[in-house]
Colleague: 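Quick one: this structure, given as structure tokens, is what I'll be asking you about.
Atom set for the values below is all heavy atoms of this structure, side chains included, hydrogens, waters and symmetry mates excluded.
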Amino acid sequence: MSERERFEHWVQGYLACWRTNDAEAIGALFSADCRYYTQAFREPWAGRERIVAGWLERADWQGEWDFEYRWVAVDGATGVLEGVTTYHTQGTAYHNVWFITLNEAGECTEFKEAWVEKPEEEG
């Protein structure tokens, strides 16, 4: 499997978990000592258990959503993608950049996301 395929496989697993919020499947995405940064300057969720708990705390808020993305770079253990998340239930959209680091087992050891909310239409 190529580097790009490894990252695509991981992201598809992430998206499946985003739809189901299955705690066991979420945990399987991340290493035991992973650090998950939900935004710049925030303290990360540290460790698999905290990541699963943090994820599930937000599950009800998500509602219906779509995520469109493209890979910006894949280099060794790190992949970077750019995307747009549209939360239909809330009527909001976010521009996202994800930095994903995978270990040899395909688990994420560090996840950093940066996002900005789409401004309301002026007019």
Colleague: Between atom CD of E64 and atom CZ of R19, what is the distance when rounded to the nearest 0.5 Å?
Modeller: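 If I round to the nearest 0.5 Å, the distance is 12.0 Å.
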Colleague: Is there side-chain contact between N96 and V116, with at least one heavy-atom pair below 4.5 Å?
Modeller: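 In short, these two side chains do not touch, never coming nearer than 4.5 Å.
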Colleague: Any side-chain heavy atom of T101 within less than 4.5 Å of one from C108?
Modeller: no
Colleague: Given side-chain contact (heavy atoms from CB on, under 4.5 Å), test L102 with T109 step by step and report yes or no.
Modeller: CA-CA 6 Å; L102 300 179; T109 60; over 6 Å; no
Colleague: Under 6.0 Å between ring centres: does that hold for W115 and Y94?
Modeller: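 Yes - the distance between ring centres of W115 and Y94 falls below the 6.0 Å cut-off.
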Colleague: Nearest 0.5 Å, please: how far is CG in N103 from CD in E110?
Modeller: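 One gets 12.5 Å once the value is rounded to the nearest 0.5 Å.
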Colleague: Can you hop from W10 to V97 via hydrophobic side chains spaced under 4.5 Å?
Modeller: no
Colleague: Rounded to the nearest 0.5 Å, how far apart are CD of E3 and CE of M1?
Modeller: 12.5 Å
Colleague: Checking the side chain of R35 only, and the main-chain atoms of A46 only, is there a donor and an acceptor separated by less than 3.5 Å?
Modeller: no
Colleague: Any luck finding a side-chain donor-acceptor pair between E82 and H95 under 3.5 Å?
Modeller: yes
Colleague: If you group Ile, Leu, Val, Met, Phe, Trp and Tyr by side-chain heavy-atom gaps below 4.5 Å, do F99 and V84 land in one group?
Modeller: no
Colleague: Please tell me if the side chains of V11 and W71 come closer than 4.5 Å, counting only heavy atoms from C-beta onward.
Modeller: yes
Colleague: Out of R6, R4, Q12, which one pairs with E8 under the side-chain hydrogen bond (donor to acceptor under 3.5 Å, both in side chains) rule?
Modeller: Q12
Colleague: Assign the ring pair F111 / F30 to parallel, tilted or perpendicular, where the plane angle (0 to 90°) is split at 30° and 60°.
Modeller: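 Perpendicular: the ring planes of F111 and F30 meet at over 60°.
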Colleague: Within a radius of less than 6.0 Å around CD of E49, do more than 12 heavy atoms belonging to other residues, nucleotides or ligands occur?
Modeller: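 No, because the 6.0 Å sphere around CD of E49 holds 12 heavy atoms or fewer from other groups.
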Colleague: Classify the angle between the aromatic ring planes of Y69 and F67 as parallel (below 30°), tilted (30 to 60°) or perpendicular (above 60°).
Modeller: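 Geometry flag for F67 against Y69: parallel rings.
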Colleague: Is it true that E43 and R50 have a side-chain N and a carboxylate O under 4.0 angstrom from each other?
Modeller: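 So E43 does not pair with R50 through a salt bridge.
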Colleague: Using a 4.5 Å cut-off on heavy atoms from C-beta on, say whether the side chain of F7 contacts that of V80.
Modeller: no
Colleague: Measuring only between side-chain heavy atoms, which start at C-beta, is W55 closer than 4.5 Å to T38?
Modeller: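 Not in contact.
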Colleague: With side chains defined as the heavy atoms from C-beta onward, is the minimum distance between Y36 and P44 less than 4.5 Å?
Modeller: no
Colleague: For a 4.5 angstrom cut-off between non-hydrogen side-chain atoms, does C34 reach I51?
Modeller: yes
Colleague: Could you walk me through whether T92 and W65 pass side-chain contact (heavy atoms from CB on, under 4.5 Å), step by step?
Modeller: CA-CA 10 Å; T92 59; W65 56 269; over 6 Å; no
Colleague: Report the distance from atom CG of L29 to atom CH2 of W18, rounding to the nearest 0.5 Å.
Modeller: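 Atom-to-atom, L29:CG and W18:CH2 are 12.5 Å apart.
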Colleague: Using the six-membered ring of Y37, assess whether NZ or CZ of K112 lies under 6.0 Å from its centre and within 45 degrees of the ring axis.
Modeller: yes
Colleague: Report yes if the side chains of D22 and I26 come closer than 4.5 Å at any heavy-atom pair, otherwise no.
Modeller: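 No, every pair of side-chain atoms sits at 4.5 Å or beyond.
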Colleague: Roughly how far, to the nearest 0.5 Å, is the OG1 atom of T78 from the CD1 atom of I100?
Modeller: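 I100 CD1 to T78 OG1: 9.5 Å, rounded to 0.5 Å.
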Colleague: Please say whether more than 12 non-hydrogen atoms of neighbouring residues, nucleotides or ligands are located less than 6.0 Å from NE2 in H9.
Modeller: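 No, NE2 of H9 has 12 or fewer neighbouring heavy atoms, counting only those of other groups under 6.0 Å.
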Colleague: Going by distance alone, is a donor N or O of one side chain under 3.5 Å from an acceptor N or O of the other, for D66 and T86?
Modeller: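 Not at all, the side chains of D66 and T86 share no donor-acceptor pair under 3.5 Å.
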Colleague: If you measure from CG on L81 to CD on E113, what distance do you get to the nearest 0.5 Å?
Modeller: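 The CG atom of L81 sits 10.5 Å away from the CD atom of E113.
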